[in-house]
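First comes the structure, then the notes that go with it.
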Amino acid sequence: MLTIADVSKSYGTRELFAEVSLFIARTDRLGLVGPNGAGKSTLFNLILGEERPDTGTIEWERGADFGFLPQESAPAGEETILHIATSGKRLEPTEDDFDIDYTLEPRARKILAGLGFREGDADLPAKTFSGGWVMRAHLARLLVAEPALLLLDEPTNHLDLEALLWFQDYLTRYPGGLVVISHDRAFLNALCTGMLELRGGRLHYYHGNYDNFLQEKEARKDQQAALFKNQQREIAHLQKFVDRFGAKASMASRAKSKEKQIERLQEVAVEEPHEELKRINFRFPQPPRSGLKVIELANVRQAYGDHVVYRDLNFTAERGQRIVLVGPNGAGKSTLLKILAGVIPIQGGERELGSNVFTGYFAQNRLDNLKPDLTVFENVMELRTNENQLTEQQARAILGAFLFRKDDVHKPIGVLSGGEKSRLALARLLVKPPNLLLMDEPTTHLDIASIDALIHALKSYEGTLIFISHDVHFIRALAENVLHVHSGRLTPYAGNYDYYLEKSRAGDARAALTAGFTDARPARPAPAAPVATAPSPRPPKRSAGEIRKFRERVGQLEKAVTELEAKQAEITAALEAPETYADKGRFHHLNRELSTIVDQLGEATTAWEKAASELEEMERGA
C-alpha cells in the first residue's frame, strides 16, 4: 500500500534520519515509538505530503487513501458534531452521482455513541464542546470514512477508559492498515503486529506488539554488545602485534598485513550500543515516618447538589500501604481521593489524619499542582522553606532530573506541554516529600520511559500510596491492595491486581478497572470494615420542558469553557512568540492574564461538570 525507499531528512546541519525504508501492507498494524525529537511527527508529515524528503521516494499504491488524526485539531466552528463525523464522506449525491450511502448517518451516530457522545449531542454545534470532545468527533470522522490506512498521533489522549476500550475493540476489526504513535503500552499490545522505532537516525522494525518489541530490542542490544566486544578484542590483539613488531625490518610485512586487517575490521565494526533516550531519573527523598494509622474517614457524607456520592463512608489506611482505587466512571474515585487529600471539604462525618502525617496530592488536572503565574524554576523555588533551605543549584538539579535544562527552566507554565506539566508536578513533590501520597492518573501525558522511571521511584518510596490509574502495567507494578468503588460502597481486596481479578471473577484486565460488578467473594469480615450504604433515592421525574431548559444551560456552561480554552490558547501562543519578550511589561501582563484565565477555566469546568452530572440524573429519571 505504501513504500518508503531510502528517505533522508535534515534541518540545517541536523540530520533527523537517513536511508529510511519501509513497506506498509494493507493488513499491517504498526506502532511508531522513539524518543522525543527523533522524528516521528516528521515521518508522518512526509507520508502525508506536507513535507518533502531530502532524498528518497514515498509512493502510494493506486487507489489507496489515508486518514490522519493529529494530537490537536483546529478550533471548531458552526458545524455540528455529526457534520464533522460525516465530513469524510458525501451525505448528498452530486448531479452525476446518485449512489448515496444512506447508512452513513446511522453509522456515524453509532460511532459517536461508542466514543462517549450522548443522544442529541450529534446535532449540537461543535463549538459548544471542549477541544477534547471535538477531537473525538474528528476520530469518528476517520472511522466513518474507513480509509485504507489510518495514521494516528496519540489518539487515546482525549478518551476516558470506557471510550478507549470501545475504540480499541473497534480497531481490532478495522478493515484497513494502521500506524499509531502512542505512549499507551496496553493499547499498543492489544493492536500492534509490528513496532517501528526511530532511533539514532534509523528506522528499526520489530515483529509483534510492544512487549515483544522490548524483548527483541534487549536481545539485539545484547547481541550487538557481544559482537562489539569481540571485534574490539580482536582489534586490540592485532594492534598489540603492530606496536610490538612494526619497527622491526624482519616483521614489517607481517605488521603491515595486521594493520590492513585492523582497517578492514574497523570498516565493518558495529557501534557500541548506548542508550539514546533522555529519561527522567529521580528517587523520592524518604519522608518522615508517620504513625501506624495514616488516615481515617468516619461516616463521611459527600454530594454534588442532589447527587449523593457517599453516605456514611468509612475508610482507614495504614502506614506503608499501596492501594489502587478502581470502579466505574463517575463512581466517585476522584472525589474519594480529594476527600483524603483534604482539597474539598466534607459535608458530614470526620476526616482524621494520623500522627506526623503530611499529605501530597497529585491532581489529574496538573495545573491544580502548579502556580500558573510563575515560571518552571519559580514553581520549584517557591517551595523553599527554612527547613529545606533549597538553593538555586539544588532546584536546577531537581529540574534537570525531569529534563528541564538550560533555558527550559524559565518557561512560563502556559506554554508547557501536558508531559512537561506532569514532570514539573512530580519535581515539586521531591522538594516537600509527603508520607501520604495521593495520585490521580499520574501516568497521563508521560511517555513510556518516564512511566517506567516513575514506577522505579515509587517502588523505593517508603510512605503510604493511594492512587487511581488506567494503566494496568503501572497498577500491577505498584498496587498491593485494591479498593473497588461503586454506588457509594467500598469493597477492599487484600491482594494485588491479579488477586482482585481472580476474586472478583473479572474478565479483561483493563475492562475490570471500570467494572461495576457486585462482590463475588464469600462473605467474611472485611479488613477495613467498610459500611454498606443505603441506595440513592431515585431522582425526581422532570418534565421535557425542564430537561430542555437545563440542557440549554449545560450547553451555555460548556460554551463558556470552550471560550476560556480558546483565550488560554491565544495567550499561550503570544507567550511563545519571541517578540513578546522584547517588552517586559507585555510579558508580565500576559502572564497575569493567563493566571486569571486558568482560575476562571477551573471554576467554569467544575460548574459545567456538575451541571452535566445533574442533567444525566434528570434524563435517567425522565
Side-chain angles (χ1 to χ4, degrees), residues 284 287 290 293-305 307-311 313-317 321 323-325 327 329-354 356-374 379-380 382-383 385 413 418 421-422 424-445 458 461 463-470 483 485 488 490 561 595-596 598-613:
F284 278 106
S290 70
K293 185 176 74 174
V294 174
I295 191 167
E296 183 174 17
L297 303 179
N299 304 317
V300 166
R301 182 185 186 278
Q302 196 69 26
Y304 295 106
H307 175 55
V308 179
V309 182
Y310 292 110
R311 182 185 288 105
L313 172 69
N314 293 274
F315 171 76
T316 302
Q321 283 190 304
I323 304 170
V324 61
L325 308 183
N329 289 341
K333 300 188 296 293
S334 291
T335 298
L336 175 56
L337 212 61
K338 289 175 181 177
I339 291 171
L340 293 170
V343 299
I344 56 173
I346 55 175
Q347 296 168 339
E350 295 181 3
R351 170 185 177 269
E352 182 183 352
L353 289 177
N356 201 37
V357 172
F358 307 96
T359 62
Y361 175 54
F362 191 78
Q364 189 171 7
N365 179 9
R366 303 297 186 247
L367 283 175
D368 292 347
N369 291 118
L370 306 176
K371 299 297 177 70
D373 55 331
L374 302 180
N379 258 276
V380 172
E382 68 102 13
L383 298 174
T385 64
I413 300 306
K421 288 172 185 171
S422 292
L424 179 56
L426 286 170
R428 284 170 57 92
L429 287 175
L430 264 65
V431 180
K432 295 177 68 175
N435 50 23
L436 172 57
L437 182 54
L438 305 150
M439 309 185 88
D440 195 344
E441 297 291 354
T443 64
T444 302
H445 297 300
L458 287 173
Y461 170 68
T464 304
L465 174 65
I466 304 175
F467 67 99
I468 301 167
S469 179
H470 287 158
L483 193 65
V485 183
L490 308 184
V561 170
S595 177
T596 302
V598 166
D599 290 341
Q600 292 174 347
L601 182 58
E603 293 172 4
T605 301
T606 299
W608 167 50
E609 289 175 346
K610 181 180 176 182
S613 177

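Index from 1, following the sequence.
The distance from atom OG1 of Thr359 to atom CD1 of Ile295, rounded to the nearest 0.5 Å, is 7.5 Å. Distance CD1/Ile323 to CG/Leu490: 10.0 Å, rounded to 0.5 Å. In this structure, CD1 on Ile413 lies 5.5 Å from CG on Leu370, to the nearest 0.5 angstrom. One finds the CG atom of Leu336 at 5.5 Å from the CG atom of Leu325 (value rounded to the nearest 0.5 Å). Rounded to the nearest 0.5 angstrom, Thr335 OG1 and Ile344 CD1 are separated by 5.5 Å. Of the inter-residue distances, the one linking Phe315 atom CZ with Ile466 atom CD1 reads 4.0 Å to the nearest 0.5 angstrom.
For Gln347 (side chain) and Ala303 (main-chain N/O), a donor-acceptor pair under 3.5 Å exists by modelled atom type. Side-chain N or O atoms of Arg351 include one that pairs as donor or acceptor with a backbone N or O of Leu340 at under 3.5 Å. Not one N or O on the side chain of Asn299 forms a donor-acceptor pair closer than 3.5 Å with the backbone of Gly349. In terms of modelled atom types and a separation under 3.5 Å, the side chain of Tyr310 and the main chain of Gly332 share a donor-acceptor contact. A distance-only check finds no donor-acceptor pair linking the side chain of Glu296 to the backbone of Ala317 [under 3.5 Å].
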Margin query: Run Ile468 and Val324 through side-chain contact (heavy atoms from CB on, under 4.5 Å) and show every step you take.
Written below: CA-CA 6 Å; Ile468 301 167; Val324 61; over 6 Å; no
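Other residues, nucleotides and ligands place no more than 12 heavy atoms under 6.0 Å from the NZ atom of Lys338.
Glu350 is not listed as a side-chain neighbour of Val300, based on a closest heavy-atom distance of 4.5 Å or more.
Looking at every heavy atom in both residues, Phe362 comes nearest to Pro442 through CE2-CA, 3.5 Å.
Applying the salt bridge (charged side-chain N to carboxylate O under 4.0 Å, His left out) test to every pair with at least one member in residues 426-435, sequence neighbours left out, gives these pairs: Glu382-Arg428.
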Return a table of donor-acceptor pairs under 3.5 angstrom between the side chains of residues 433-440 and protein atoms on other chains or two or more places apart.
| residue | atom | partner | partner atom | Å |
| --- | --- | --- | --- | --- |
| Asn435 | OD1 | Phe358 | N | 2.7 |
| Asn435 | ND2 | Pro288 | O | 2.9 |
| Asn435 | ND2 | Asn356 | O | 2.8 |
| Asp440 | OD2 | Ser334 | OG | 2.8 |

